[in-house]
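These notes are about the structure you will find just below.
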There are 4 protein chains.
Amino acid sequence: MNNSQEHGQVDDGRGKRQQILDAAYTVFSRKGYHRATVDEIIALADTGKGTVYNYFVNKEQLFYTLIKECSAKFEADLAAIAALDELPLDKVGKAIKVFLEFYVANADLWRVLMYEMRGVGTEGKSAFTLVQREKYKERFTHTIEMLEKILQEGIDQKVIRPCDVTKAAHGLFSVILMMVFQGFVGQNDESIEKVSRNIADIFLYGVAQTNNN
Amino acid sequence: MNNSQEHGQVDDGRGKRQQILDAAYTVFSRKGYHRATVDEIIALADTGKGTVYNYFVNKEQLFYTLIKECSAKFEADLAAIAALDELPLDKVGKAIKVFLEFYVANADLWRVLMYEMRGVGTEGKSAFTLVQREKYKERFTHTIEMLEKILQEGIDQKVIRPCDVTKAAHGLFSVILMMVFQGFVGQNDESIEKVSRNIADIFLYGVAQTNNN
Amino acid sequence: MNNSQEHGQVDDGRGKRQQILDAAYTVFSRKGYHRATVDEIIALADTGKGTVYNYFVNKEQLFYTLIKECSAKFEADLAAIAALDELPLDKVGKAIKVFLEFYVANADLWRVLMYEMRGVGTEGKSAFTLVQREKYKERFTHTIEMLEKILQEGIDQKVIRPCDVTKAAHGLFSVILMMVFQGFVGQNDESIEKVSRNIADIFLYGVAQTNNN
Amino acid sequence: MNNSQEHGQVDDGRGKRQQILDAAYTVFSRKGYHRATVDEIIALADTGKGTVYNYFVNKEQLFYTLIKECSAKFEADLAAIAALDELPLDKVGKAIKVFLEFYVANADLWRVLMYEMRGVGTEGKSAFTLVQREKYKERFTHTIEMLEKILQEGIDQKVIRPCDVTKAAHGLFSVILMMVFQGFVGQNDESIEKVSRNIADIFLYGVAQTNNN
DNA sequence: AATGAATGAGGGTTCATTCAT
DNA sequence: GATGAATGAACCCTCATTCAT
């Protein structure tokens, strides 16, 4: 007996709210924030237009909710790794993998987010409030800070050479993103595994020929 | 004799076409592609709405023309460096600098471009045609290929360790972009110089602690 | 034993129907007919949306019921005065006072009613049916007819000079309304008393300077 | 030769702006502010939706412009009468006539205006800004002040007995309005003439039977 | 070549009403 | 009887594009 659908109505068991979020995920990912229309979302969610506004105050807040709910698990996983009692270099490797997994899965939506988040359009009405945008940014920097933390640990333990951890973390982050956005990573585990090692290798040891290698 | 305005009208000597492009640069940079309105562009260009459509078939083509004309000099400079008869590692440094200079100067517009270029909106009417987007992408990869070329040269001369040059070039490119977009680089020459060396250093030698350093 | 709530639920003893009417009174008065929303009414009535539609067929009929129930006592009072066995001029004074009291108490709601009642929106769907509007109008003229009756009595007894009683009654009525809607009357008894005499004075004797006064 | 339509195009010679205002007059009068839709206005004006927004910033401002342009002549006429060098009682009569003419002609639209102007809906978004509403109110009181001025002149010349001129002017005004809104006045000149004298008579001398009359 | 009035498809949002529980 | 999630028609407004002058 299915406890969420006692009478087995058509409803697909996710509830309207989730259906809308799922549809919004798809549409925002495919169209970007501006070109995504509520009409298209409801068509996909198989629901009425009013229903959207029962659950979300407006298009923007629907988008924000989507981002928040999508990243929750990722942020938690990342924090767990940072807290792990392991060698920093191993943790760097694991973090890279978690990043890759998340961004490969959510590449399109996050590209949209990253664009809307930028300073562009500060003036005028704009789709995103300034305060709203700050909320998005915090989410972002928060994940990068996890990287910083791990790198700092490595420096403290003298396995990573002293450098500006903020810049280094951002650099690492940007490479990860680029690999994803340029399509250098596939959806499958082996691909992620391989690219993950690739990144770690170059990030840690550089591309220069040295007598060490 | 005025060489840009044969009949010496009030016109400020740039010609309507250029006035529009200049205004478009500003507005697209500030507002992004979608929020930029033709009305705002003509207000800034001090011209009529119809005039825009005399020179450009539509908003999208105006945007493309803008991108093309803006990047012309940059692409040429880059090609020149690649063709230089110098040490690969020096050429890498010079290329990084040219990249930084260009992207610092045009950060806002390029952020917009990079967003609109993404796979998003493949279906439907969309603002950017699929073919159109390919044209943008080619421009992009073309500049990255210059990096690849230099790196390959380094590998051939055994000053860079063998690796996937395509990925490496993209990695380097992404770090440069990130530095710009995250505001880690200032507008002044010293800043660019410094960040430029930073990037080269980490890119070439990695962050790991080795007995070499 | 609670005589209005046999089973003693939390219900505040007025019954859902009355709660809704009370809330509707407040909301319609504050917002007008169109801007008043059912959502706001149920929030104030502390009831469910469906409940409203159990008691009233639609928003419009809720409004009508409200008007009807509110004016019942007023109409009765007025009829009582008209039937009184007193001097016509005294009755005019009393009627003016009753009018003032009622309209001061219900100024906002009646302003709304008077607007919605107007000829406006004859065609099309409209909020108020033509027949519906007739019902409202009858309520209105009915109260004015009480004034006519008193005036006619005055004419018959030769204390009021012969004139078109219908117009005169409407004139008197309009002055009363104006005093209320223009905020010339306060909520307190003295104010009503004073304005009441004011109106009676001018209505009966005019503003012209005569040797009588 | 018609100097406003040199080439005799279809355009009916009023220009789009005027066509829209004319249509708006009709639709607002018939439907009231809220039920009037821009779609209906453009259908009547035989124009495109965007055109409305080329001339007026929004529905509200269209309405305001309408009111302003309609009342301009009326306000001027009234001021002229007040400034006339005649007997106050004659001026009262003339003013009443001008009021009647104007309100008979514009009864419907002004009913709408008067409703939207009221305090109702102070809170919330509402259709009319508070400041906007003040502008409307000023227009109104301005016309009533003309009446006050004439009445005061009468008092000074001792042909009108001392009383609160503000209240008296409002009283007179309200009676005029009522006559119009109740349909006691026809469109034709005789009717206006007759009602005009009626009002003046009762307003000046009251309804009470005295030995003077 | 330059212009700008006119256009209308399309988008986000509101809200009265229904109906299954 | 009481409820509130679901609905969709309707509304105001934006803005890229056209075309007659």
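Letters A, B, ... are given to chains in the order of the sequence lines, protein chains preceding strands, and every chain is numbered from 1. The shown structure was predicted, so the numbers you read here are calculated from the model rather than taken from an experiment. Computed over heavy atoms, backbone and side chain alike; hydrogens, waters and symmetry mates excluded.
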Rounded to whole Å, please give me the gap between [atom1] in [X] and [atom2] in [N].
X	N	atom1	atom2	result
C:L62	E:dC15	CG	P	16 Å
D:I42	F:dC13	CD1	C1'	12 Å
C:Y33	E:dC15	OH	P	14 Å
B:N58	F:dC15	CG	C1'	14 Å
B:H34	E:dG12	NE2	C1'	15 Å
C:E40	E:dC15	CD	P	9 Å
D:I20	E:dA5	CD1	P	12 Å
A:Q18	F:dA5	CD	P	17 Å

Side-chain (D:K16) to main-chain (D:D46) donor-acceptor, under 3.5 angstrom: yes
Main-chain N/O of A:E60 paired with A:Y33 side-chain donor or acceptor, under 3.5 Å: yes
Should [X] be listed as having a side-chain N or O under 4.0 Å from OP1 or OP2 of [N]?
X	N	result
C:T51	F:dT3	yes
A:Y55	F:dA6	yes
D:K16	E:dT7	yes
A:T47	F:dT7	yes

Touch class at under 4.0 angstrom, heavy-atom based, for A:A45 against every strand present: nothing
From D:L66 atom CG to D:T26 atom OG1, the distance as rounded to the nearest 0.5 Å: 9.0 Å
Gap separating the CD1 atom of D:I42 from the OG1 atom of D:T51, nearest 0.5 angstrom: 8.0 Å
Residue met sooner reading DNA chain F from 5', once C:V52 and D:V38 are mapped to nucleotides: C:V52
Whichever of B:K59 and D:A36 has its nearest DNA chain F nucleotide further upstream toward 5': D:A36
Where at least one partner belongs to residues 36-60 of chain D, residue pairs that pass ring-ring contact (aromatic ring centres under 6.0 Å, His included), sequence neighbours excluded: none
DNA chain E: stems of at least 3 consecutive Watson-Crick or G-U pairs whose donor-acceptor distances fall under 3.5 Å: E:2-21 with F:2-21
A:L44 and its side-chain contact (heavy atoms from CB on, under 4.5 Å) partner, picked from A:D22, A:V27, A:D39: A:V27
B:Y115 and A:Y115 aromatic ring geometry - parallel, tilted or perpendicular at 30°/60° bounds: parallel
Plane angle bin for B:H34 and A:H34 - parallel if under 30°, tilted between 30 and 60°, otherwise perpendicular: parallel
Residue mapping more 5' on DNA chain E - nearest nucleotide basis, A:D39 or C:T37: A:D39
Sub-4.5 Å side-chain heavy-atom contact between A:L62 and A:I41: yes
Presence of salt bridge, B:R139 and B:E69, under 4.0 angstrom: no
Please list, for nucleotides 18-20 of chain F, all pairs of protein and nucleotide N/O atoms separated by less than 3.5 Å.
none

